[in-house]
Structure formats: structure tokens, C-alpha cells
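Structure first, commentary second.
Chain naming here is simple, since letters A, B, ... match the order of the sequence lines and numbering starts at 1 in each.
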Number of protein chains: 2
Amino acid sequence: MKPNIDHVAERAQVSKATVSRVLNNNPQVKGEIKERVLRAIEELGYRPSVIARNLATNRTNNIGLILPDITNPYFPVLARGIEDAAHRLGYTLFIGNTDNDPKIEQDIIYKMVEQQVGGIVLISSTLDEKTVNELTSLHTPIVLCDRLIEDKPFDAVSIDNYKAAQDSINYLIERGHTRIAHLAGPKNIQSAVSRRTGYMDAMHAANLEPFVSVGTFSYESGVHQMGAVIDEYAPTAIFAANDLLALGAMQEIHRRGLRVPEDISIIGCDDIAFCAMSRPTLSTISIPAYQIGVTAVQLLDDQMKGVRSGSKNVILEHKLIHRESCNGVDQK
Amino acid sequence: MKPNIDHVAERAQVSKATVSRVLNNNPQVKGEIKERVLRAIEELGYRPSVIARNLATNRTNNIGLILPDITNPYFPVLARGIEDAAHRLGYTLFIGNTDNDPKIEQDIIYKMVEQQVGGIVLISSTLDEKTVNELTSLHTPIVLCDRLIEDKPFDAVSIDNYKAAQDSINYLIERGHTRIAHLAGPKNIQSAVSRRTGYMDAMHAANLEPFVSVGTFSYESGVHQMGAVIDEYAPTAIFAANDLLALGAMQEIHRRGLRVPEDISIIGCDDIAFCAMSRPTLSTISIPAYQIGVTAVQLLDDQMKGVRSGSKNVILEHKLIHRESCNGVDQK
DNA sequence: TTGAAAGCGCTAACAA
DNA sequence: TTGTTAGCGCTTTCAA
């Protein structure tokens, strides 16, 4: 039979309150008694019941991670950062995929709250007024990743997507490109929108004619969009809203017998591992996904421990990575 | 104040046992009373405390997924299958990465058991006698993925790695190759060992001289190993123990000014998404990772519900996918 | 510094 | 068919 706190108390000849104190490192237990309790615990192979403790204290050491789809190569790195940080802080991690479906997202959030998670790291696409109000009413600490919500009562950690887009465009402009098209992501995803706006503003600032093709954040979408872009705009460079799009676009460019970067330069965003493996290797905006994850958990931990009041918005640095897929227009 | 079962009982003018019955869909509650209780629940916005229920029943609706590293592109698909199946069955999923470190693995297993998970899906590399005994002593349902343990009291789901390797070699032999090298995975990972054995046996059966280079399951290892293989063996074909190795090898082959498949054909294993995106696209053994995940959860659910006694070993079908990276020797 | 005892919010015998 | 009551294994006042 699995030993419980009473068995330990009995064996150590103390009350279970004392055992509980030892368990919780309460310093007011005298050394000798503490020894005795620890020995009893050892001898019985006793492990406290987390569940009973949860009920008594009304909290858990669990936190939840809710993301669109772990299958998208950008997310595993983020998830790993979160898991590592959570593990380090003694939390166990729940995980759930939403496929960007607001209904599923709701579902999972409630399920995790029901499990009494101490906090949630949320990568959401659906932050309308209604959702925000519901989240607020949960009274569960929340940290948002990858989207920047101003004037909202949530902690968040992300990069400056607007600036990342501008950096990309300016990088292409410096290399002499003037016909730069943008493969954009979904309109309901905030990071995609920021990147698109950054692109538009940078193009206008340089007096260049913009061209945007909207799709999803997938490889297939990149393949598909690229065909239309070539037909309708004849670009010499592409800024893709993420790397999967860029890789798909590259595929289509090659299929048409054009070359990267000689005919068309291309830059992506995220810096997934495959950017360095593709032929040619893919220039991109590197997002510190792992660090975003770690930071998110730190913010969450602070909230859970009541260290801070008010919400905090952390913007991490992105970095443009130059690889083979980008050339100057004169280097054909 | 958050309502509890007593509040509901009071409002519905019944005992809390009756409320509990309604909560658990016990059919012996009369329709009218059930209505009253449901109304009270509705009006109070009552949600039962999972934690209290866990303590009372001594079980949870949580299951755990323990894997080496979610960052390895093979695992997210598996994880997704597991999450989807778990979600469908009403389980919430814990996740933990081990980095193939037996100590961390132990740690996470205990942590999850401590959380009273109902069961664990384990992708382990370290199944020695000692670990097996410890796992058995946990009395927690366990399903192993991706490795086949005979005569062990665990459910498992995997593919036939030995045969997968043989299929690959025979496929290359049919195309006229005779100098076929193998980039092997770590010696302590069972799937890697099976693939290697399959390779060796297939080579011997065909009277061909084998050449094995041992490394890790990473891209970098593929790059590194490939150099040595070219120098020491001059292969016309490569069977890599996984796709990352294959992609790394391809990179190195190109770097040396050789061509795939004209100079060297190459086939990998796993069928990660990038296989279809690389240049050339990569032939590989397709492993039904998603289906493995789904099946694992089904087995786990059976165990948890006591449907079955004895352990079950499910082998799913793999499939050889022909892509551009493989040629006949005469098609130079 | 330690112990006694009352919960935490539910489930499940057992009785009625 | 419903209610009474005793736990589940801890934590946490309050008293000693």
C-alpha cells in the first residue's frame, strides 16, 4: 500500500502537521525532529500526493501552453524554450493545439483552467474584444507570445514585426531591387498584418510600387501564390511573411526554370532550421523563438508569484540573416 | 466566490450526492430532479473542481507524453497525433523533453506519475533491465512508441525498422547500386540499431561489402559523416538512418561538387516534411508518425480502462517513397 | 516548536 | 430513487 502522511507521522512519532512542515521546508522545525521525519520518509519511500496538496492549497504546479500547431516548424523551438524554462522552475507543462480555430482555443483554455493550471502561455490568433474579456474574467495569469497587444491587460513577448519587415525591404532595396513583392500571411494573424504593414510603408517610403499576395503560412500556399506573383508583377525580389512561404515560393520559381537568386532574390522570416539546409540557403529574419519561450515563462512565473502588477510587454531583437537566396540586381 | 457542489445542492434542494450523480451522468436520477440540478448549475455558473474529483477518485484525466526532443522534425507529427487522440478522448496532455538523457527521463516520468497521470506515452532510448523494472513498479499504464521490445510487459507501437532498412537497400540494389554505405544513428537507440542490422543483412545477402558510419540523428552529423564516407568508401548510394542525416549528407555531397543523384543516390528515413521541399527531393521510408501517435493513445486508453490484459505490440506499415534523390547507376 | 482539528470539494458506500 | 456520512491526503489556523 502506498504510504501517506499519516504513516510517516506515525513512524517518526510526530504529528502530521510536523510532517507537512518538513515537506514544505518550514524552518521552524527543530533539527532533530526534522531528521527523524526525513528518515521515516526515506524508509517508507513516501512521496506526497500532489493532488491532495493541490486540493488543500487550491493551486497546482502546472502551466499550460496553447499554440496553433506544433507541426509548424516555427513552434517546436518556442515550445522547447517554454518547456525548459517551465521544467527549471518546477512546473509541469500541459500542451494543446488549436489549429487557429477560436472555438478549439476556447475549449482548450477552459480545459486547462479546469485543471487548475497556475498560468497559461497563449499563442493566439483570435484576440477580439470578446475573447479578451473572457480571458480577463478567468483570473488566471496569461502571457501572450508572438503578438503585441497594446492597451490590453496581458503580458506579452514578441519581436517588432513591423520593423522586421522594413529591415527586409531596405535590405533588398540596398541591393538594388525595386520590384519587390510580398507573400503575406493570414489577415487575422497579427504578426502577419504587422509584417505586411511594414512592407507597405517601406515600399511607399522608397517610392516603389508594392504588390501583395495573401495566403496562409504554409509551403503549399507559397508555391501557389508565387505563380500568380510572377505572372502579375514580374518581381526581382520577394519578401515572404514566413520561411515556409519562402521555401514554397522558391520551389515554384525553380519549377518555372528561373533561378534564385540570379533571377529572383528571396527573403523569409522565422529562421527555421531548414533555411540553412535548402538550396540555395535562405536569407531570413531570425526570430529568437527559444528565447521568446523562456521569457514568456519568466513573465508567467512573476505573475503567478505576484511579483509584479500591471502588464509588461517584452520585445526581443530580431536579426537579419544573409544567406545565398539574396543577390544584388546587378549580379545576374 | 466560486460556487461549489454544496451551493448547487442547496439551490436545487437536493443532497450533494444527487448533484454528484447528475455530474457523472448517473442514470438513476429522476428526470425532474435532474432538471432542477442542471438549472441550479447553470444559474450559478458552477464548474466542478477537477482537483477535488481527482482526490476523491484517485485518478485524473491527464496523460503524459515523454519524448526526446520536440525540435527534431520527426516528433511534432507524432506529438500531434497523440494530442489529437488524447483530446478526442477527453484527456489533457502533459509533455516533456528528455534529450535522450536517462536521468532527465526518469525525472520526468516520476514527475508525471506524481501528477497522477492516468498513463504515459513514452519514446525512450534507454530501456535497460533496470529501467524496465522501475517502469513496471510504477503501476502506471505505459505505451512505448518507435521501439519494439519483445518479451517486455509493455504495449508498443512502431514500424518494422529492420524490414524498412532492407527495403531501402533492395531498392538501391535493384537500381544497380553495389557500393551502398549506411549512415547509422546512435547505438543506444533501438530503431537505429534495427535499421543498421537490416542494412547489414541485406548487404550480406546480396554479397555486397557494407560500410557503416555511426553518428547521431542530426543534420550536422550527416554533413560530417558523409565526408568520411566519401573518402573511405566511394559509395554510389547512401542509406541514411533518418532524413536529417540524409539532408546533411546531401549538403556535403554538393559542397564537394558531386551531384545527387547522378554521382550518389541517397535515401533517408522518416519522411519529414522537408523531404518534399529539398533539391533534389529526398527519397525516404515514410513512417506513419501521426498514426503511431493515435494508435499509442488508443492502446493507452484501453489499458487505462482495463479493456485488455497482457501487452500488445502494434507494427504499422512503412512505405518507400521514391523521389528525385535516387537514380539507377547507369543513368549518370 | 509542536499538535489537534477543521477544512479543501468531491465520490461512493450504505441506508433509507 | 435519494440522502447521510465517511473518507481521499494534504495544509493551515489555533492552541498548547
Could you state the atom-to-atom distance from [atom1] of [X] to [atom2] of [N] in whole Å?
{"X": "B:E10", "N": "C:dC10", "atom1": "CD", "atom2": "C1'", "value": "17 Å"}
{"X": "B:E114", "N": "D:dC10", "atom1": "CD", "atom2": "P", "value": "11 Å"}
{"X": "B:N54", "N": "D:dC10", "atom1": "CG", "atom2": "P", "value": "15 Å"}
{"X": "B:N58", "N": "D:dC10", "atom1": "CG", "atom2": "P", "value": "11 Å"}
{"X": "B:I51", "N": "D:dG9", "atom1": "CD1", "atom2": "P", "value": "16 Å"}
{"X": "A:N26", "N": "C:dG3", "atom1": "CG", "atom2": "C1'", "value": "14 Å"}
{"X": "B:K34", "N": "D:dT1", "atom1": "NZ", "atom2": "P", "value": "12 Å"}
{"X": "A:R59", "N": "C:dG9", "atom1": "CZ", "atom2": "C1'", "value": "17 Å"}

Taking only side-chain nitrogens and oxygens of B:S15, does any of them come within less than 4.0 Å of OP1 or OP2 of D:dG3?
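For D:dG3, OP1 or OP2 has a side-chain N or O of B:S15 closer than 4.0 Å.
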Closer to the 5' end of DNA chain D via nearest nucleotide, is it B:V14 or A:K16?
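Nearer the 5' end of the strand: B:V14.
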Which residue lies toward the 5' end of DNA chain D, A:N24 or B:Q28, if each is placed at its nearest nucleotide?
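Final value for this comparison: B:Q28.
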Just checking [X]: base, sugar-phosphate only, or nothing, at a heavy-atom cut-off of under 4.0 Å?
{"X": "B:N4", "value": "sugar-phosphate"}
{"X": "A:S20", "value": "base"}
{"X": "B:I33", "value": "sugar-phosphate"}

[X] (side chain) donor-acceptor with [Y] (main chain) under 3.5 angstrom:
{"X": "A:N24", "Y": "A:N26", "value": "no"}
{"X": "A:N4", "Y": "A:H7", "value": "yes"}
{"X": "B:N62", "Y": "B:V117", "value": "no"}

To the side chain of [X], which of [options] is closest?
{"X": "A:R21", "options": "D:dG9, C:dG9, C:dG3", "result": "C:dG3"}
{"X": "A:I5", "options": "C:dG9, C:dT11, D:dT11", "result": "D:dT11"}
{"X": "B:T18", "options": "C:dG9, C:dA4, D:dT2", "result": "D:dT2"}
{"X": "A:A17", "options": "D:dC10, C:dA5, C:dG9", "result": "C:dA5"}
{"X": "B:L55", "options": "D:dT12, C:dG9, D:dC10", "result": "C:dG9"}
{"X": "A:V29", "options": "C:dT2, C:dC10, D:dG9", "result": "C:dT2"}

Is A:K111 paired with A:D107 through a side-chain N to carboxylate O contact shorter than 4.0 Å?
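No, A:D107 and A:K111 are not salt-bridged.
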List the atom of B:V14, the atom of B:R36, and the distance in Å for their closest heavy-atom pair.
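It is CG1-NH2, 3.5 Å.
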Any side-chain donor near an acceptor of the partner, A:Q190 and A:D146, under 3.5 Å:
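No donor-acceptor contact under 3.5 Å links the two side chains.
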Quiz item: B:R47 side-chain donor-acceptor pair to C:dG9 base, under 3.5 Å:
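By the distance-only test, no, there is no pair.
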